[in-house]
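A quick write-up on the structure given underneath.
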Amino acid sequence: TKNILFCGLLLLPSASQATDWKAITVDVLQFSAGVITAFALHEAGHAVAARVYHEDLEWNGRGFSVEWTCLAPCKRLDSIALAGNLTTAIVGETLLHLPYKGAFVDGIQAFNAVNPIGYAIRDSVTSGGYGDYRHVDDRIQFALAIHGASIGYRQFSERMWGMSVERNR
């Protein structure tokens, strides 16, 4: 809790910069909305894949701790498990080519970058595999993690380090 409060204090501008404070607040809210939107799109990817394959999912939990279970017999569990991060990859690539680059898109892209990396790390350190990723081949997990890092780099590198990848158009 102390760390969260400290980080929050770093974001607060001085009283003489009221317009900056308002802009920062709007950016934080838009970024947060982007993360929530990306999470919803990720989970929708699982749901759509289940629907396409005529499988039934049972959803448990709330917020960012939601989990799904494919009800037996589940013949396409690997495809349904993979669909969430394939959705984030598709959304991530699409947003990289749109002209709008505000805080909302940054929030979506932050999720799209971190989520597949987090899944791959958690799966590698969890005995028997982590969540739905235990049904996904390790090479595919690695490829999606690298792609997630690529999305993060292309979205944020220029602003963070003054570097960018030249795009062929």
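Fair warning: this is a prediction, and the values are worked out from it, not measured in the lab. What's counted below: heavy atoms across the whole structure, side chains too, no hydrogens, waters or symmetry copies.
Side-chain atoms of Glu58 do not come within 3.5 Å of backbone N or O of Trp68 as any donor-acceptor pair. Between the Glu55 side chain and the Lys75 main chain, a donor and an acceptor come within less than 3.5 Å of each other.
Sorted pairs that involve residues 85-117 and meet disulfide bond (SG atoms under 2.5 Å apart), not counting sequence neighbours, are lacking altogether.
There is a side-chain donor-acceptor pair under 3.5 Å between Gln109 and Asn112.
Counting heavy atoms from C-beta outward, Gln141 and Leu144 have side chains that stay 4.5 Å or more apart. Contact of the Thr69 side chain with the Asn60 side chain is registered, since non-hydrogen atoms from C-beta on lie closer than 4.5 Å. Residues Leu71 and Leu57 form no side-chain contact, since every pair of their non-hydrogen atoms from C-beta on lies 4.5 Å or further apart. Counting heavy atoms from C-beta outward, Val48 and Arg51 have side chains that stay 4.5 Å or more apart.
From Gln155, atom CD reaches atom CD1 of Ile108 across 9.5 Å, with rounding to the nearest 0.5 Å. Considering CG of Leu82 and CG of Asp137, their distance stands at 10.0 Å, rounded to 0.5 Å.
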### From CA spacing to verdict: side chain to side chain contact (heavy atoms under 4.5 Å, CB included), Leu41, Thr88
CA-CA 7 Å; Leu41 289 168; Thr88 62; over 6 Å; no
### Message
Show, in sequence, the C-alpha distance, side-chain angles and deciding distance for His54 and Arg76, and conclude whether the side chain to side chain contact (heavy atoms under 4.5 Å, CB included) test is met.
### Response
CA-CA 9 Å; His54 306 288; Arg76 301 301 304 257; over 6 Å; no
### Task
Applying side chain to side chain contact (heavy atoms under 4.5 Å, CB included), run through Thr37 and Phe104 and close with a yes or a no.
CA-CA 9 Å; Thr37 299; Phe104 180 73; 3.6 Å; yes
### Task
For the pair Asn115 and Asn85, evaluate side chain to side chain contact (heavy atoms under 4.5 Å, CB included) and give the outcome as yes or no after the intermediate values.
CA-CA 8 Å; Asn115 191 60; Asn85 277 335; 2.8 Å; yes
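When hydrophobic residues (I, L, V, M, F, W, Y) are linked wherever their side-chain heavy atoms come within less than 4.5 Å, the members clustered with Ile117 are Ile121. Ile146 shares a hydrophobic cluster with Phe142; the chain of contacts runs through ILVMFWY side chains whose heavy atoms sit under 4.5 Å apart.
Evaluation of the side chain to side chain contact (heavy atoms under 4.5 Å, CB included) rule for Ser150 yields Arg154 as partners, not counting sequence neighbours. Partners of Ala83 according to the side chain to side chain contact (heavy atoms under 4.5 Å, CB included) rule, which considers only residues two or more places apart in sequence or in another chain, are Ala49.
The two residues Ile90 and Thr94 have their closest heavy-atom pair at O-OG1, 2.8 Å. Of all non-hydrogen atoms in Pro116 and Ala145, the two that sit nearest each other are O-CB, 4.0 Å. In this structure, Ala47 and Trp59 approach most closely via the heavy-atom pair CB-CZ2, 4.0 Å. The minimum heavy-atom distance between Tyr53 and Ile80, with the atom names listed, is CD1-CG1, 4.4 Å. The minimum heavy-atom distance between Gly107 and Val35, with the atom names listed, is O-CG2, 3.4 Å.
Relative ring orientation between His42 and His46 is described as perpendicular, the plane-to-plane angle rising above 60° on a 0-90° scale split at 30° and 60°.
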Would you give me the side-chain donor-acceptor pairs under 3.5 Å for residues 24-33, sequence neighbours excluded?
| unit_1 | atom_1 | unit_2 | atom_2 | d |
| --- | --- | --- | --- | --- |
| Thr25 | OG1 | Trp21 | O | 2.9 |
| Ser32 | OG | Val28 | O | 2.9 |

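Each of Val114 and Phe39 belongs to its own hydrophobic cluster when Ile, Leu, Val, Met, Phe, Trp and Tyr are linked at side-chain heavy-atom distances under 4.5 angstrom.
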